[in-house]
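Here the structure is a predicted model, which means the values were calculated and not measured. Residue numbers run from 1 in the order of the sequence given.
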Amino acid sequence: MAVSGFEGFEKRLELHFFGDDSLSNINNNMGLRVLDFESIEQVLRAVQCTVVSAVGNHFFDAYVLSESSMFVYPTKIIIKTCGTTQLLKSVRPLTHFANKLNLKLCGCRYTRGSFIFPKSQPFPHTNFKEEVIYIEENLPKNLVYRKASVMPSKNPCYSWHVFAAGDQNHRKKSNSDVTFEICMTELDRHLARKFYKKAGDCKTGDSAGKEMTVLTGIDDINPRAFICDFAFDPCGYSTNGIDGDRYSTIHVTPEDGYSYASFECVGSVYDDDVDIVETLKKAVQVFKPATVSVSTTSNSREVWTTVVRAMEPLGLKCWTFAMDEFPAAGTVVFQTFTAARRK
């Protein structure tokens, strides 16, 4: 907990691994998913958060954390944490446990927005330069293709920080995946109040979370998804959605003065544009924020147009646009939108 308020803006880490297929078959192609809970807890202790809820399917396991979420695939792990967590301290233990499973790190991507309370962040998150130095010190030498960049905005409070690294194979690897990372600030106050538990409410975090999911319309963002949700005391909310091999996640810090919500999902460049537009529109409409920043990571330079088509009907105008290429991640496009009604 930051001194002046809770830090909603998350830090996000994505690690990719590779292994000998014959060795992977020993674990029925489960890879990282065979990590025992004790090992996972050890990683999260270094980060300074805990598991509050978990669910899995044939493709991956999804964890709601005390500070955001974690997704574990056979050869990929994504951890997203908010507050004053020390996310980058997970790199070393995760690499260690993966090595025990004959899996080697081949790709890394770290992203975050600009912190609301940067002075409250502990090492190594005191500034982006420190973060990059720390990551590079903890990556194996085979990840030779590395790049760090701060993607600008007209307002420095909404810059986007990206670090990507990969080995020779990961750099050349081409896929159709698209990751959408949406950060929303200055939420509509009436809607934000729905993420507070009522005074005297004795419901568990699970049951209160399910109530918030229905009350706010979050369950309608992707009706196909299985939802694992949790409400915090006295306020705050997290949910993970599982839809086949794809995840989505929402996190809400509803306090006045520094209200924040995030929505993240994955898709494909081959998905129907109409479906993506509707999903993004529904997610943003839940909160009606004054400012929205959207980062898309993919191997396409055109996906950003889908984001514009989702935001403009909601009265959100594109304020800033930046694009950059990362040898180990593809094309990252960062856009900020503002609501005309609150300018």
Side-chain angles (χ1 to χ4, degrees), residues 10 12 14 57 59-60 62 69 71 73 76 78 80 109 111 113 151 158 160 162 173-185 187 213 216-229 238-252 261-289 291-326 329-339:
E10 297 99 345
R12 181 188 186 277
E14 180 172 326
N57 67 3
F59 300 98
F60 68 101
S69 294
F71 304 96
Y73 290 79
K76 176 175 70 177
I78 298 158
K80 189 169 187 172
R109 186 165 90 243
T111 56
M151 302 180 73
Y158 295 101
W160 192 247
V162 184
K173 190 177 180 182
S174 178
N175 61 51
S176 61
D177 294 348
V178 183
T179 302
F180 296 92
E181 296 175 70
I182 301 181
C183 303
M184 297 168 271
T185 56
L187 313 182
T213 297
T216 58
I218 286 173
D219 59 335
D220 189 46
I221 294 173
N222 178 5
R224 299 186 307 272
F226 179 84
I227 291 175
C228 180
D229 36 25
S238 289
T239 185
N240 292 333
I242 292 182
D243 181 10
D245 63 349
R246 299 179 180 184
Y247 71 87
S248 61
T249 184
I250 292 175
H251 304 286
V252 187
S262 68
F263 173 72
E264 178 178 331
C265 67
V266 286
S268 166
V269 293
Y270 302 118
D271 286 346
D272 187 326
D273 277 4
V274 175
D275 289 344
I276 298 172
V277 167
E278 283 305 305
T279 297
L280 300 183
K281 277 172 65 177
K282 286 178 183 178
V284 174
Q285 280 178 310
V286 167
F287 305 101
K288 294 185 179 175
T291 304
V292 180
S293 60
V294 185
S295 167
T296 57
T297 304
S298 69
N299 282 312
S300 166
R301 297 173 67 91
E302 305 301 324
V303 176
W304 66 270
T305 60
T306 305
V307 176
V308 174
R309 290 201 300 277
M311 299 300 123
E312 287 190 339
L314 304 178
L316 292 158
K317 300 299 180 186
C318 190
W319 187 38
T320 300
F321 177 94
M323 181 186 291
D324 205 348
E325 302 287 340
F326 292 82
T331 302
V332 177
V333 175
F334 177 62
Q335 301 168 86
T336 57
F337 299 82
T338 55

Which pair of heavy atoms, one from [X] and one from [Y], lies closest together, and at what distance?
X	Y	result
Thr297	Ala329	CG2-O, 3.7 Å
Arg109	Thr179	NH2-OG1, 3.6 Å
Asp245	Phe60	C-CE2, 3.8 Å
Met151	Ala322	CE-O, 3.5 Å

Side chain to side chain donor-acceptor pair (under 3.5 Å) with Glu264: which residues, sequence neighbours excluded? Arg12, Lys80, Tyr247

For Thr336, side chain to side chain donor-acceptor pair (under 3.5 Å) partners two or more places apart: Thr320

Only one of Val294, Thr291, Thr338, Val292 passes side-chain contact (heavy atoms from CB on, under 4.5 Å) with Leu316; say which it is. Val292

side-chain contact (heavy atoms from CB on, under 4.5 Å) with [X]: which residues, sequence neighbours excluded?
X	answer
Ser248	Phe263, Cys265
Asp275	Asp272
Thr216	Lys194, Phe195, Ile218, Val286
Arg246	Val266, Ser268, Asp271

Just checking, is any N or O donor in the side chain of Ser295 or Trp160 under 3.5 Å from an acceptor N or O on the other one? yes

Verify whether one side chain among Ser262 and His251 offers a donor that lies under 3.5 Å from an acceptor in the other. no

Restricting to salt bridge (Lys or Arg N to Asp or Glu O under 4.0 Å), what partner residues turn up for [X], sequence neighbours left out?
X	value
Asp324	Lys147
Lys76	none
Asp177	none

Side chain to side chain contact (heavy atoms under 4.5 Å, CB included) evaluation trace for Ile227 with Asn240: CA-CA 6 Å; Ile227 291 175; Asn240 292 333; over 6 Å; no

Atom [atom1] in [X], atom [atom2] in [Y]: separation rounded to 0.5 Å?
X	Y	atom1	atom2	value
Thr185	Phe287	OG1	CZ	12.5 Å
Cys228	Ile242	SG	CD1	7.5 Å
Thr296	Glu181	OG1	CD	9.5 Å

Measure the shortest side-chain to side-chain distance between [X] and [Y] over non-hydrogen atoms and say whether it is less than 4.5 angstrom.
X	Y	result
Thr279	Val277	no
Lys282	Leu280	no
Ile276	Val274	no

Phe337: ring pair (Phe, Tyr, Trp, His ring centres under 6.0 Å) partners, not counting sequence neighbours: none

Pairs in or reaching into residues 218-229: which pass side chain to side chain donor-acceptor pair (under 3.5 Å), with residues at least two apart or in two chains? Thr213-Asp229, Asn222-Asp243, Arg224-Asp243

Just list the side-chain donor-acceptor pairs under 3.5 Å for residues 303-315, sequence neighbours left out, or say none.
| unit_1 | atom_1 | unit_2 | atom_2 | d |
| --- | --- | --- | --- | --- |
| Trp304 | NE1 | Arg301 | O | 3.1 |
| Thr305 | OG1 | Glu302 | O | 2.8 |
| Thr306 | OG1 | Val303 | O | 3.3 |
| Arg309 | NH2 | Asp273 | OD2 | 2.8 |

